[in-house]
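Encoded as structure tokens, the structure appears first; notes follow it.
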Amino acid sequence: MLRTNQLFLDYIEDLYNKKENKGNIVLESFSKGEEMLIQNRKPSRIMLIKDGITKCFFVEENGKEYIVELLGRGEVIGEIELIRNIPCLCSIEALTEVCAYTLSIPYFQSLIKTDLVLNNLLLDVFAQRIINTSSRASYQQLYTTEHTLRQFLELQAQQGIHLSKEDMAAYLGITVRSLNRALKNLI
């Protein structure tokens, strides 16, 4: 449910602490509810979450929101768009106060060309995203909404996350009305 990546965070913190990288990596704060990246807009920087929780979501043509992932410590955002030279596929919004390392685009591009450690970390991130997406899709197809909701609520409690009903429904890919019905059936 909440994706984290301590290895990537350790890597960026090491870069951040080197004198020669001052200015290329900046620590920024984002308020709860603040959009860090906006769907269909070009990213102005690459970010790596130091602390806090964000939601990665897209809005469908019908205006409905779908939460792809919840991202926490060590998760990188904006890198796919930079690599593919495309606008943001999703929006990223801070669910809590968020502190993130922001990397300038030219600096990140130079790292991609010269840093094998970064490239291996990115390959691992991409592979993990494919696995997570496949697992989540099959899980949602194989189990009832009530079963999925029960698992989701348990994970939410274990990780100390509180989501609104709208966000829970968007994460599960159902309407708030369906969520309310499923919650009532769990009681």
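In plain terms, the two heavy atoms of Lys42 and Ile86 that are nearest each other are NZ-N, 3.9 Å. Shown here for Ala94 and Thr54, the closest heavy-atom pair between the two residues is CA-CG2, 4.2 Å. Nearest approach of Gly78 to Pro43, heavy atoms of both residues: O-CG, 4.3 Å. Of all the heavy atoms in Ile67 and Phe57, the pair that sits closest is CA-CB, 3.9 Å. Of all heavy-atom pairs between Tyr107 and Asn24, the closest is CG-CB, 3.4 Å.
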- Task: Could you go through the side-chain contact (heavy atoms from CB on, under 4.5 Å) check for Thr144 and Leu149 one step at a time?
- Result: CA-CA 8 Å; Thr144 64; Leu149 177 59; over 6 Å; no
- Thr175/Ser178 under side chain to side chain donor-acceptor pair (under 3.5 Å): CA gap, chis, key distance, verdict: CA-CA 5 Å; Thr175 64; Ser178 294; 3.0 Å; yes
- Task: Could you walk me through whether Gln109 and Ile112 pass side-chain contact (heavy atoms from CB on, under 4.5 Å), step by step?
- Result: CA-CA 5 Å; Gln109 288 171 323; Ile112 288 175; 5.6 Å; no
- Message: For Leu118 and Phe8: C-alpha separation, side-chain torsions, deciding distance, then whether side-chain contact (heavy atoms from CB on, under 4.5 Å) applies.
- Response: CA-CA 8 Å; Leu118 172 68; Phe8 216 136; 3.6 Å; yes
- Using the side-chain contact (heavy atoms from CB on, under 4.5 Å) rule, take Val176 and Asn180 through it: C-alpha gap first, then chi angles, then the decisive distance, then the call. CA-CA 6 Å; Val176 174; Asn180 286 330; 3.8 Å; yes
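Linking Ile, Leu, Val, Met, Phe, Trp and Tyr whenever their side-chain heavy atoms come within less than 4.5 Å leaves Ile174 and Phe58 in two separate clusters. Leu121 and Ile80 fall within the same hydrophobic cluster, where Ile, Leu, Val, Met, Phe, Trp and Tyr residues are linked whenever their side-chain heavy atoms come under 4.5 Å apart, directly or through other members. Leu172 and Leu2 fall within the same hydrophobic cluster, defined by Ile, Leu, Val, Met, Phe, Trp and Tyr side-chain heavy atoms under 4.5 Å apart, directly or through other members. Under a hydrophobic-cluster definition in which Ile, Leu, Val, Met, Phe, Trp and Tyr are linked whenever side-chain heavy atoms come within less than 4.5 Å, directly or via other members, Ile46 and Ile38 are assigned to different clusters.
A donor-acceptor pair under 3.5 Å links the side-chain atoms of Thr96 to the main chain of Ile53, judged by distance alone. Not a single donor-acceptor pair under 3.5 Å links the side chain of Ser31 to the backbone N or O of Glu34. No donor-acceptor pair closer than 3.5 Å links the side chain of Asn40 to the backbone N or O of Pro87. Put simply, the side chain of Glu81 gets close to the backbone of Leu89: a donor and an acceptor are under 3.5 Å apart. At least one donor-acceptor pair under 3.5 Å links the side chain of Gln39 to the backbone N or O of Val59. Side-chain atoms of Ser135 do not come within 3.5 Å of backbone N or O of Asn132 as any donor-acceptor pair.
No hydrogens or angles considered: a donor-acceptor pair under 3.5 Å links the side chains of Gln6 and Asp10. Side-chain contact annotation: Asp115 with Tyr11, donor-acceptor N/O pair under 3.5 Å present.
Contact check on Glu75 versus Arg3 returns no salt bridge, with no Lys/Arg side-chain nitrogen under 4.0 Å from an Asp/Glu carboxylate oxygen. Between Glu28 and Arg45 there is a salt bridge, since a side-chain N of the basic residue sits under 4.0 Å from a carboxylate O of the acidic one.
Atom CZ of Arg129 is surrounded by more than 12 heavy atoms from other residues, nucleotides or ligands within 6.0 Å. Surrounding NZ of Lys32 are at most 12 heavy atoms belonging to other residues, nucleotides or ligands under 6.0 Å away.
The side-chain contact (heavy atoms from CB on, under 4.5 Å) check on Asp124 picks up nothing, with sequence neighbours excluded.
For an aromatic pair to be called close, the ring centres must be under 6.0 Å apart, and Tyr171 with Phe152 satisfies this.
The salt bridge (Lys or Arg N to Asp or Glu O under 4.0 Å) analysis of residues 139-167, with sequence neighbours excluded, yields the pairs Lys55-Asp167.
Residue Ile77 belongs to a hydrophobic cluster whose other members are Phe30, Met36, Leu37, Met47, Ile49, Leu71, Ile92, Val98, with links defined by side-chain heavy atoms closer than 4.5 Å.
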